[in-house]
*Asks:* 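After the structure tokens below, expect a handful of questions from me.
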Amino acid sequence: MSEPHHAGLRERAAKGDRDAVDELIELAGERGDLAELRRLGDLGYRDAVDELVQRASELDDLTELRRLAEEGNADAADVLHELTEE
């Protein structure tokens with residue numbers, strides 16, 4: 001995706017366009033862009049957090065999973081438990 005298109009999506013998302021938010025989440029998930037998923041999750045988009053847990057799990061990113069679990073994310077805590085119960 002071009003930077004202008006991405007910037008346009010972010011601008012639309014900032015104005016409350018849920019379609020733009022959904023597209024940003026999907027694109028960030030496809031790219032494995034944990035920083036973008038984290039940013040969107042911090043803005044309150046649960047779908048972004050769910051995608052972040054999924055991607056962190058696939059990458060065995062225990063640091064990210066711990067961070068999410070410490071923030072109270074039960075899914076991250078479950079995945080973290082599964083990955084570390086050896």
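Excluded from the calculations below are hydrogen atoms, water molecules and symmetry mates; all remaining heavy atoms, backbone and side chain alike, are included. Please read all numbers here as calculations on a predicted model, not as lab measurements.
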*Asks:* Can you list everything that forms a salt bridge (charged side-chain N to carboxylate O under 4.0 Å, His left out) with Asp47? Sequence neighbours excluded, please.
*Replies:*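 Once residues adjacent in sequence are excluded, the partners of Asp47 under the salt bridge (charged side-chain N to carboxylate O under 4.0 Å, His left out) criterion are Arg18.
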*Asks:* Is there side-chain contact between Ile25 and Glu36, with at least one heavy-atom pair below 4.5 Å?
*Replies:*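 A side-chain contact is absent here, since even the closest heavy-atom pair is not under 4.5 Å.
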*Asks:* Can you measure from CZ (Arg10) to CD (Glu23) and round to the nearest 0.5 angstrom?
*Replies:*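 If we round to the nearest 0.5 Å, Arg10:CZ and Glu23:CD are 13.5 Å apart.
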*Asks:* For the residue pair Leu34 and Leu59, establish whether any side-chain heavy-atom pair is separated by less than 4.5 Å.
*Replies:*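 Leu34 vs Leu59: side chains touch.
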*Asks:* Shortest non-hydrogen contact from Leu80 to Leu62?
*Replies:*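 Heavy atoms only, the tightest pair is CD1-CD2, 3.8 Å.
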*Asks:* Can you measure from CZ (Arg31) to CD (Glu26) and round to the nearest 0.5 angstrom?
*Replies:*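 One gets 11.0 Å once the value is rounded to the nearest 0.5 Å.
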*Asks:* Identify the heavy atoms of Ala76 and Leu68 that sit nearest to each other, and give their distance.
*Replies:*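 Scanning both residues, the minimum pair turns out to be CB-CB, 3.5 Å.
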*Asks:* With sequence neighbours excluded, what pairs up with Arg55 under the salt bridge (charged side-chain N to carboxylate O under 4.0 Å, His left out) test?
*Replies:*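 Testing Arg55 for salt bridge (charged side-chain N to carboxylate O under 4.0 Å, His left out), a comparison that skips the adjacent residues, returns Glu51, Glu58.
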*Asks:* When you compare the side chain of Leu37 with that of Glu64, does any pair of heavy atoms fall below 4.5 Å?
*Replies:*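 With C-beta onward as the side chain, the pair stays apart.
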*Asks:* If you look at every heavy atom in Ala48 and Leu40, which pair is closest and at what distance?
*Replies:*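 Minimum heavy-atom contact is CB-CB, 3.6 Å.
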*Asks:* Under the rule for side chain to side chain contact (heavy atoms under 4.5 Å, CB included), what residues qualify as partners of Ala77, not counting sequence neighbours?
*Replies:*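 In terms of side chain to side chain contact (heavy atoms under 4.5 Å, CB included), with neighbours along the sequence ignored, Ala77 is linked to Ala69.
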*Asks:* Partners of Asn73 by side-chain hydrogen bond (donor to acceptor under 3.5 Å, both in side chains), sequence neighbours excluded?
*Replies:*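 With neighbours one apart ignored, the set is empty.
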*Asks:* Residues two or more places apart in sequence or in another chain: which of them pass salt bridge (charged side-chain N to carboxylate O under 4.0 Å, His left out) with Asp78?
*Replies:*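 Salt bridge (charged side-chain N to carboxylate O under 4.0 Å, His left out) check on Asp78 returns nothing, list empty.
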*Asks:* Got Leu24 and Arg39 here, is their nearest side-chain heavy-atom distance under 4.5 Å?
*Replies:*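 Yes, side chains in contact.
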*Asks:* To check you understand the geometry: which heavy-atom pair defines the closest contact between Leu52 and Arg38, and what is its length?
*Replies:*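 Here Leu52 and Arg38 meet closest at CD2-CA, 4.0 Å.
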*Asks:* Looking at residues at least two apart in the chain, or sitting in another chain, which of them share a salt bridge (charged side-chain N to carboxylate O under 4.0 Å, His left out) with Glu70?
*Replies:*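 None.
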*Asks:* Do the non-hydrogen side-chain atoms of Leu27 and Leu9 ever get within less than 4.5 Å of each other?
*Replies:*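 Yes, close enough: below the 4.5 Å cut-off.
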*Asks:* Does this structure show an ion pair linking Arg46 with Asp50, if we count only N-O contacts that are shorter than 4.0 Å?
*Replies:*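 A salt bridge is present here (some side-chain N lies under 4.0 Å from a carboxylate O).
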*Asks:* Could you tell me which non-hydrogen atom of Gly41 sits nearest to which non-hydrogen atom of Val49, and how far apart they are?
*Replies:*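 Here Gly41 and Val49 meet closest at CA-CG2, 3.6 Å.
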